[in-house]
Trainee: 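Shown below is the structure under consideration.
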Amino acid sequence: MGELKLRKGNEAIAEAAIRFGCDGYFGYPITPQSEILETLMVRKPWETTGMVVLQAESEVAAINMIYGGASCGKRVMTTSSSPGISLMLEGVSYLAGAELPCLIVNVVRGGPGLGTIQPSQADYFQATKGGGHGDYQLIVLAPASVQEMHDFVGLGFDLAFKYRIPSLILTDGVIGQMMEKVIVADQEPRWTDEQIQEISGEWATTGKTKDREQNIATSLILEAEEMEKHNHKLQAKYREIEKNDVRYEEFETEDAEYLMVAYGSSARICQKSVEIAREKGIKLGLLRPITVWPFPTIRLAELANQVKGMLSVEMSAGQMVYDVKLAINGKIPVEHFGRVGGMVPSPGEVFEAFEKLILGGK
Amino acid sequence: MSLLEIKNIINKENLVYSKTKVVTDNVMHYCPGCSHGVVHKIIAEVIDEMDIQDKTIGISPVGCSVLAYNYLDIDWQQAAHGRAPALATAAKRLMPNHYVFTYQGDGDLASIGTAEIMHACNRGENITVIFINNAIYGMTGGQMAPTTLLGMRTSTSPEGRSVDLHGYPLKITELIAQLPGAAYVTRQSVHTPATVRKAKKAIRKGFENQDKKIGISFIEIVSTCPSGWKISPVESNKWMEEHMFKLYPPGDIKDSEKADEDPYKK
């Protein structure tokens, strides 16, 4: 059993990185997530677990350090916030193309541009539709608590290595900055060289020995026929992930006549809005996607047979709502409510929007 | 039976040269007269002679040498354009007993990747950098590079590079020599047997410096690109000596081991 601590979301990520046996962290300061690098520099894990921590010269360098470390079969991660993630996307596309496992964290802030340092969920499209160039996906985990910030570091690495894919934790300034109790995991040892050989020896660049062919970490395939085959292979992997690793949580959906769909900090707010509705005798439920990619499409389609309307609640101008609409395919009304530019809605505000957009529109 | 029969000539006693096993049998895509092939060969020989094939990680760039992994039988990482030093930084820090080198052209290292090479050098990463400077973008068809000489015609400086329009050629190797993290900075060429031997010695020193953990070893190879320069291989060698060496003179620029004190470390 792990210890109970009081931690900021960002601190929980740093602590989890050490405890889940991360080999290397490479990052660049940006608000609202700088506590991650700061915490690691204070903890000095290189003196305990041997974990490498380096402040890179830019987000561009950081993501390419991830490429270099991931190519060696190491468990490496970086963290940033929206503008920094935009800078990283070229590298993320390369990581996806070369099928390199790693963990990336986006503590989202308001945009576009330099925007604001206040929380936002406006990077949903970027996170769930690939983000960079080419046809690719990331596994995208959306924590709604400091506990999940901690837990998803371990889960993110597990899924990344299970499928040889970059995992992304899509969180925001609310969860990054808020303090909650968290049960931290027991210290896991870092992988030994032997374990790395066993897990990733087929592809990791650990030095070409006489008993095997050279390993090359590359996303370059010049012949179109071969590149098409590689794309089909990636797509087959994505279908496999959609089949096996959709995660979501439901509140009060059993008898629900209406449904809110929200992830991350918005889901925390919506939980309260559901309580308000229930007090008034309105049978409102909530579905919280934990993986926003793969998206809980099948479950939402099922719920469309049960409820009369759905409200997608996001701190964006309406991004996830498109995925909800695709899942529902016109069967019932689907509306969006959100605050943008770093504004966080209150539970009452969300309930009022629900009354107006869903109940008022029935 | 004549002694000159081929089966009598090809035998172990007469063997004076053989291809190192670190070079693969793949046919190189490089143009005739291009320096890449020679530089590849001498890197392979150094790896072979040091017996470090199983401990060497190469980082290939974007440019003509993007496919370097087809020719050297070691593990490779293919980097995004300009970012090879970032990959090498992580690989070396995570596997400190391995030998890690980047292989980069002038567009990759001195234009798009300026930040990454400067900071890797400034941090004194214990890696080796092989910098091929042929003053042109070869892969994309002969555009102006950061190191293109003034007056030199390329497809994007069709009337010759001018200061007003394009700015000056970048002597990045001299800039790097200013950084305390750079332990060994040298400029070589591979256009004659003598210079090939010298360049190989420099590369070997660069790899051996990784054992000493004294900082980055930066080896520029002033190179030819007959296809990009649109002259013959022989003319290219001559042109390189006459023009390139004026701005990029061969020789050691910095050797921390020899210097009594590095003035930049004060």
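Residue numbers start from 1 in every chain, and the chains themselves are labelled A, B, ... in the order their sequence lines are given, proteins ahead of strands.
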Trainee: Could you list the residues that satisfy salt bridge (charged side-chain N to carboxylate O under 4.0 Å, His left out) with B:Asp75, not counting sequence neighbours?
Mentor: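 Testing B:Asp75 for salt bridge (charged side-chain N to carboxylate O under 4.0 Å, His left out), a comparison that skips the adjacent residues, returns A:Arg212.
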
Trainee: Between A:Asp23, A:Val76, A:Thr209, A:Thr205, which has the largest tally of heavy atom pairs under 4.5 Å with chain B?
Mentor: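 Ranked by heavy-atom pairs under 4.5 Å with chain B, first place is A:Thr205.
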
Trainee: More than 12 non-hydrogen atoms from neighbouring residues, nucleotides or ligands closer than 6.0 Å to NZ on B:Lys201, yes or no?
Mentor: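 No, NZ of B:Lys201 has 12 or fewer neighbouring heavy atoms, counting only those of other groups under 6.0 Å.
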
Trainee: At a heavy-atom distance under 4.5 Å, which candidate from B:Val100, B:Ile74, B:Val62, B:Ile59 has the highest pair count against chain A?
Mentor: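 Of B:Val100, B:Ile74, B:Val62, B:Ile59, B:Ile74 has the most heavy-atom pairs under 4.5 Å with chain A.
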
Trainee: Which residues in residues 24-53 of chain B have any heavy atom lying under 4.5 Å from a heavy atom of chain A?
Mentor: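 Within residues 24-53 of chain B, near chain A: B:Gln53.
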
Trainee: Please check if atom OH in B:Tyr168 has more than 12 non-hydrogen atoms from other residues, nucleotides or ligands closer than 6.0 Å.
Mentor: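 Counting other residues, nucleotides and ligands, OH of B:Tyr168 stays at 12 neighbours or fewer.
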
Trainee: Got a sec: does the CD of A:Gln187 have more than 12 other heavy atoms crowding it under 6.0 Å?
Mentor: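 More than 12 heavy atoms, drawn from other residues, nucleotides or ligands, come within 6.0 Å of this atom.
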
Trainee: Can you tell me if A:Asp135 has over 12 outside heavy atoms packed within less than 6.0 Å of its CG?
Mentor: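 Counting other residues, nucleotides and ligands, CG of A:Asp135 stays at 12 neighbours or fewer.
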
Trainee: Any donor-acceptor pair under 3.5 Å linking the side chain of B:Gln77 with the backbone of A:Gly68?
Mentor: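 Such a contact is found between B:Gln77 side chain and A:Gly68 backbone.
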
Trainee: At a heavy-atom distance under 4.5 Å, which candidate from A:Leu220, A:Thr206, A:Ile66 has the highest pair count against chain B?
Mentor: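 When all of A:Leu220, A:Thr206, A:Ile66 are compared, A:Thr206 has the most.
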
Trainee: Please determine whether the number of non-hydrogen atoms from other residues, nucleotides or ligands lying under 6.0 Å from atom CD1 of A:Ile117 exceeds 12.
Mentor: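 Open: at most 12 neighbouring heavy atoms sit under 6.0 Å from CD1 of A:Ile117.
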
Trainee: For atom CD of A:Gln235, is the number of surrounding heavy atoms from other residues, nucleotides or ligands below 6.0 Å larger than 12?
Mentor: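 Yes, CD of A:Gln235 has more than 12 neighbouring heavy atoms, counting only those of other groups under 6.0 Å.
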
Trainee: Report, by ascending residue number, the residues of residues 41-65 of chain A in heavy-atom contact with chain B at a distance under 4.5 Å; give 'none' if the set is empty.
Mentor: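 Listed by number, the contacting residues are A:Val52, A:Leu54, A:Glu57, A:Ser58, A:Val60, A:Ala61, A:Asn64, A:Met65.
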
Trainee: Give the C-alpha distance, both sets of side-chain angles, the deciding distance and a yes or no for side chain to side chain contact (heavy atoms under 4.5 Å, CB included) between B:Trp76 and A:Thr218.
Mentor: CA-CA 8 Å; B:Trp76 284 93; A:Thr218 184; over 6 Å; no

Trainee: I'd like to verify something: which residue of A:Lys210, A:Lys74, A:Glu90, A:Glu213 has the highest number of heavy-atom pairs under 4.5 Å with chain B?
Mentor: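 If we count pairs closer than 4.5 Å to chain B, A:Lys74 comes out on top.
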
Trainee: Side chain from CB out, backbone as N, CA, C, O: work out which of these in B:Leu72 comes under 4.5 Å of a heavy atom of chain A, or both, or neither.
Mentor: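 For B:Leu72, the backbone is the part near chain A, not the side chain.
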
Trainee: To the nearest 0.5 angstrom, please state how far the NZ atom of A:Lys208 sits from the CG atom of B:Asp54.
Mentor: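 Between A:Lys208 NZ and B:Asp54 CG, I get 9.0 Å after rounding to 0.5 Å.
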
Trainee: Under a 4.5 Å cutoff for heavy-atom pairs, which residue among B:Asn122, B:Val66, B:Asp73 has the most contacts with chain A?
Mentor: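 It is B:Asp73.
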
Trainee: For residues 82-95 of chain B, give me every residue with a non-hydrogen atom less than 4.5 Å from any non-hydrogen atom of chain A.
Mentor: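 Heavy-atom contacts from residues 82-95 of chain B to chain A are B:Arg83, B:Ala86, B:Leu87, B:Thr89, B:Ala90, B:Ala91, B:Arg93, B:Leu94, B:Met95.
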
Trainee: Counting distance only, does the side-chain N/O of A:Tyr67 pair as donor-acceptor with the main-chain N or O of B:Gln78 below 3.5 Å?
Mentor: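 Here the side-chain-to-backbone pair exists.
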
